[in-house]
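Written out below as structure tokens is the structure these notes cover.
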There are 2 protein chains.
Amino acid sequence: MLTFTEENYLKAIYHLSDHGRNDVSTNAISEVLKTKPASVSDMLRKLADKNVINYIKYQGVTLTHKGKKEALQIIRKHRLWEVFLVEKLKFNWDEVHEIAEQLEHIQSKFLIKRLDEFLGYPQHDPHGDPIPNENGEMIPKKQISLSEAPVQKQGIVMGLKETSPLFLQYLDKINIYLGAKVKVVDRIEFDSSIEIQIDGKKTAIVSNEVAKNILITE
Amino acid sequence: MLTFTEENYLKAIYHLSDHGRNDVSTNAISEVLKTKPASVSDMLRKLADKNVINYIKYQGVTLTHKGKKEALQIIRKHRLWEVFLVEKLKFNWDEVHEIAEQLEHIQSKFLIKRLDEFLGYPQHDPHGDPIPNENGEMIPKKQISLSEAPVQKQGIVMGLKETSPLFLQYLDKINIYLGAKVKVVDRIEFDSSIEIQIDGKKTAIVSNEVAKNILITE
DNA sequence: TAAATATTTTAGATTAGCCTAAAAAAAAAT
DNA sequence: ATTTTTTTTTAGGCTAATCTAAAATATTTA
Ligand SMILES: [Mn+2]
Ligand SMILES: [Mn+2]
Ligand SMILES: [Mn+2]
Ligand SMILES: [Mn+2]
């Protein structure tokens with residue numbers, strides 16, 4: 001059994017390693033979890049003892065098969081709860097992450113099975129991220145960043161790379177939401193900002209920084 | 001802010017004090033929380049420092065106004081989540097308590113408001129216990145124990161005093177459920193067991209111990 | 001009312017998860 | 001190839017929540 005804190009470490013390592021592909025550094029973990037590197041070193045020894053990470057001192061960590069499976073189950077729970085909060089309890093997509101961060105740690109063999117069923121087996125969370133199934137499998141997102149889209153390219157907003165409340169609130173303000181239809185009207189060479197048309201109506205100019213964080217269908 | 005553990009202590013004290021009326025002893029708390037009396041003494045000092053209990057050494061504890069309010073909010077959350085699990089996720093009433101024990105500690109200003117709304121403002125949990133409102137007010141149960149009901153008395157099963165899985169499973173077996181119509185057919189003087197008719201159909205004989213734990217409408 | 005028993009508290013440890021400061025190792029710069 | 005800088009680990013401490021054993025207090029019994 002993993003503790004609340006251990007689960008958060010595994011999830012952080014999974015995300016930082018790009019789905020378990022690269023090594024992850026102590027400092028990187030300490031940054032996302034807002035703890036000191038010394039605390040991370042302590043925890044890495046503990047996680048290695050539990051056989052959920054491969055850890056050689058000074059050389060970063062990777063998840064073991066068991067660790068990756070655990071991480072994906074937590075991500076599955078997180079995303080299913082987010083769907084519940086938005087679809088059933090009518091929260092906005094920018095309000096659910098913090099609550100899901102708590103709900104993802106509820107322990108019950110049956111709860112998530114029943115929740116998944118209740119929600120109609122959703123494939124994506126409210127931010128467009130795929131939901132792993134019981135075996136940890138998920139459909140990778142087929143999407144490109146708005147910043148890379150050529151002029152005249154049209155697509156559906158499928159996800160975001162950045163999910164901070166400030167960013168989500170900005171998107172709400174300019175009427176960009178998950179499922180919105182966007183079209184690249186012009187690319188301003190001066191600062192790489194992009195003029196877009198949203199849902200065939202209003203146009204807006206978004207900075208390159210913003211465009212980089214919006215993912216649309218290919 | 002109260003910790004997970006502090007919340008559990010407050011809830012235990014509330015239940016043991018009969019809605020905050022009587023003093024509660026250290027040993028009684030240690031028994032329901034399955035900790036040693038020494039640990040309870042430590043925690044009582046801490047809770048007194050936070051002004052949620054009135055505590056004089058060797059003389060038991062009562063909840064302060066603030067402590068009672070906190071306890072009732074946790075009970076509100078517990079019972080609303082139980083309704084969700086039974087009504088929406090199709091759990092049986094004997095499967096939900098352990099999960100609600102975890103869900104009751106999720107912190108969010110809005111979550112419970114939204115959940116309450118989603119569930120249609122239920123007044124009772126799946127075991128017939130009243131759900132406190134946002135101010136901690138609830139309708140007291142108007143019910144008597146089946147063991148006290150006179151012969152020929154007819155009533156609806158409104159709640160249970162005992163909610164252990166073993167007891168709930170026994171009730172399922174003899175077809176007693178929340179809302180079932182029961183009628184006292186005979187009282188066996190020898191061992192105080194009671195013959196009852198359920199939903200106007202089958203009759204069964206239940207021990208006095210069982211009857212004591214079944215609550216029916218007056 | 002004095003002794004025996006039960007209850008409660010204190011003293012001193014332990015574990016998880018965190019910290020700061022210092023040491024060790026690796027990486028980058030000269 | 002050294003020196004400097006950065007990263008990571010270790011050493012030693014802290015707090016919350018628990019424990020066992022012993023001491024203090026209250027209650028019951030004789
Ligand atoms: Mn999230
Ligand atoms: Mn989390
Ligand atoms: Mn319950
Ligand atoms: Mn609880």
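Just so it is clear, the structure is predicted and the values come from calculations on it, not from any experiment. Chain letters run A, B, ... following the sequence lines, proteins first and then strands; every chain starts at 1.
The interatomic distance linking A:Asp23 (CG) with D:dT8 (P) rounds to 11 Å, in whole Å. Counting to the nearest Å, the C1' atom of D:dT8 and the CD1 atom of A:Ile29 are 12 Å from each other. Between B:Leu2 atom CG and D:dA16 atom P there is a gap of 13 Å when expressed in whole angstrom units. Put simply, OH on B:Tyr9 is 11 Å from C1' on D:dA16, counting in whole angstrom units. Remark: P of D:dC19 and CE of B:Met43 are 11 Å apart, rounded to the nearest angstrom. The distance between atom CG of B:Asp42 and atom C1' of D:dT15, rounded to the nearest whole Å, is 13 Å. What separates CG of A:Leu44 from P of D:dT8 is a distance of 10 Å, to the nearest Å. Between the CZ atom of B:Arg45 and the C1' atom of C:dA11 there is a distance of 12 Å, rounded to whole Å.
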Tabulate atom names and distances for all N/O pairs under 3.5 angstrom spanning the protein and nucleotides 5-8 of chain C.
unit_1: C:dT8; atom_1: OP2; unit_2: B:Asn27; atom_2: N; d: 2.9
unit_1: C:dT8; atom_1: OP2; unit_2: B:Asn27; atom_2: OD1; d: 3.3
unit_1: C:dT8; atom_1: OP2; unit_2: B:Asn27; atom_2: ND2; d: 3.4

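Judged purely by distance below 3.5 Å, without hydrogens or angles, the side chains of B:His97 and B:His127 never pair a donor atom with an acceptor atom.
Nucleic acid contact class of B:Thr5 (heavy atoms, under 4.0 Å, all strands): sugar-phosphate only.
Residue B:Glu101 qualifies as enclosed at atom CD: its count of foreign heavy atoms under 6.0 Å is above 12.
Under the 3.5 Å distance criterion, the side-chain polar atoms of A:Asn22 are left unmatched by any main-chain donor or acceptor of A:Asp18. Proximity of a side-chain donor or acceptor of A:Arg79 to a complementary backbone N or O of A:Asp125 within less than 3.5 Å is not detected.
The list of side chain to side chain donor-acceptor pair (under 3.5 Å) pairs with a residue in residues 59-72 of chain A, not counting sequence neighbours, reads A:Asn54-A:Thr62.
Classification of the B:His105-B:Phe4 ring pair by plane angle, with boundaries at 30° and 60°, yields tilted.
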